[in-house]
Amino acid sequence: MVFEGITGQQHVTRTLQNAIRLNRVAHGYLFTGPRGIGKTTAARILAKSLNCQNYKDDNPCGICVNCVEITEGRSIDVLEIDGASNRGIDEIRDLREAVKYHPATGKYRIYIIDEVHMLTHQAFNALLKTLEEPPPHVIFIMATTDPQKIPLTILSRTQRFDFKRLTTEDIVTYLGSILTREGLSYDGNTLELIAAKADGSMRDSLSLLDQVIAYCENNIEESIVKDVLGIIEDSLYHELLTAICNSNYNALLIKISEIVDSGYSIPNFITGFNAFLRKCLFVLTDQTDKVRLNKTVITWLLENDQIVSRLDLLRMIDIILKFESRLRYIQQPRVALEALLLKLAAMDSSVLISELLANQGKSVKQQPVRKNKSAAGTSQNTPTADAPPSIAKPLHVEKQKADHISEPEPEPLNRPKETSDPLNLEFISAKWPAVLEKIELINYKIAHFLQGSELLHFTGGQLDIQLNNENGFTVRSLEKDKSAIEEIFREVTGTSVRIKFRSNPLQTNQGAAKPVEPERDHPLLLDVIEKFNGEIIR
Ligand SMILES: [Zn+2]
């Protein structure tokens, strides 16, 4: 094996070859990247290159004693330590003694430490001592999938090379070259299936290819490969997604039967479905070129973005991921699967809370305008937000908007009749349950936050509300949606108030400094809660 034999990592191999040629070899190397993409192979080739007796053309000869011994794993100058096996305690302890001695036959003593992030704290310390003052004949080559777990003191003493996840093309080309060498016939599609299944890992691709060869013998056919790898086609997932989006329960149950009866494993199916949804999400975020997805599905997604949005996909993925993590504890996976997909089908399509609240005050007539966005081509009479202005309609729309802004009330149809009751706390308290009910219909979370709050007083048009639930997130959420709450209040009662939330002064003033559960206020967490319209349960 030579440097050029490592697929997809030229940025690493060229740099290493240059360093050797220019005699600028470092004492510590760190190879990082996902599993199965050539880190250990590169480490061994580097070791051979450094100790080869006939190094030429920027590559080890592969046939001298040193090369052969390294290939066979019996070189006493090149030691491989697996950080994962016993966390390296003994080896690293021995290492500190052993590095003092000169190499036996090669130029260097080379330590290849795989999964170096698994080393214990003591092992890292021992390693650091050697790395701080490495004897000139000692070289460390470390490999890891988790560079963030490696102490900075070690990182700063190594040259780091980030190996890239392999692209499907890289893998397909490499597998193709193997099959050609073996004289086996194949088509590109089957190799893509293998590459996709291995998710960028060359090692996994090779072992899958072995399975396929063992099964197919001389001719590698797509249908057999799908069978062997248990791959479910995108078209099938697409049918499921369509049934979910159309809430077609009947079709869903029939599809599930087909899938389960044809022998696909449920975990395999679930993983595949989530991978499919992820690809759909990429398409809806203009990243179509990043994923391999059937053209029919792509067109369908782009044409139906009002029945399946990015937010819908995110919610589905979220629900399926939760299901996946519970799957192995489930006694009746088939029933659970059916329930899961029916639940997805029963899910309302997602609407951004902000959009929904913003639409609350608008007239009913404007609602369908948004909905029909992509149906514009078929129904020409419907004015759409981004259609070119037709003759009379836009004026009307413009006027509606203007009215809405400047005049107090252009009176939507569903507007409750103006009440003659005097506005006081008693009146507001009487109407409050109805306001809460309306809020609950629109945004359960906000209604939940308002639950148990107390109407304190009402003076000068201002309604003071004492909150019951007053963690930082609750207060911020309510403040953010305050104008929407006021709007709903106006719709229900026919009168307007300004709302002021009061929370326990002790908690709000010192809340920030309070050490209790600081992670609840973490911006990322708040963002997640916002996106999924969730709440903290515990
Ligand atoms: Zn050699």
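Counting starts at 1 for both ligands and their atoms, following the listed order.
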- line: Excluding waters, which are neither shown nor counted, protein N/O/S atoms under 2.8 Å from the Zn ion (ligand 1) come to 4
message: Taking the basic N atoms (NZ, or NE/NH1/NH2) and the acidic carboxylate oxygens, is any pair closer than 4.0 Å for Asp261 and Arg334?
response: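 Yes, charged N to carboxylate O under 4.0 Å.
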message: One thing to verify: whether Lys129 and Glu132 come together as a salt bridge, which I'm taking to mean a side-chain N less than 4.0 angstrom from a carboxylate O.
response: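 The answer is no: the pair does not qualify as a salt bridge.
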Show every donor-acceptor pair shorter than 3.5 Å between a side-chain atom in residues 206-214 and any protein atom, with sequence neighbours excluded, or say none if there are none.
{"unit_1": "Ser207", "atom_1": "OG", "unit_2": "Asp204", "atom_2": "O", "d": "3.3"}

- prompt: Any sub-3.5 Å donor-acceptor pair from Ser247's side-chain atoms to Ala345's backbone N or O?
  reply: yes
- request: Ignoring hydrogens and angles, tell me if any N or O in the side chain of Lys164 forms a donor-acceptor pair with the backbone of Gly8 under 3.5 Å.
  value: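 Pair absent, no side-chain N/O of Lys164 close to backbone of Gly8.
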- request: Locate the shortest heavy-atom distance separating Ile45 from Met1; write the atom from each residue and the value.
  value: CD1-CG, 3.4 Å
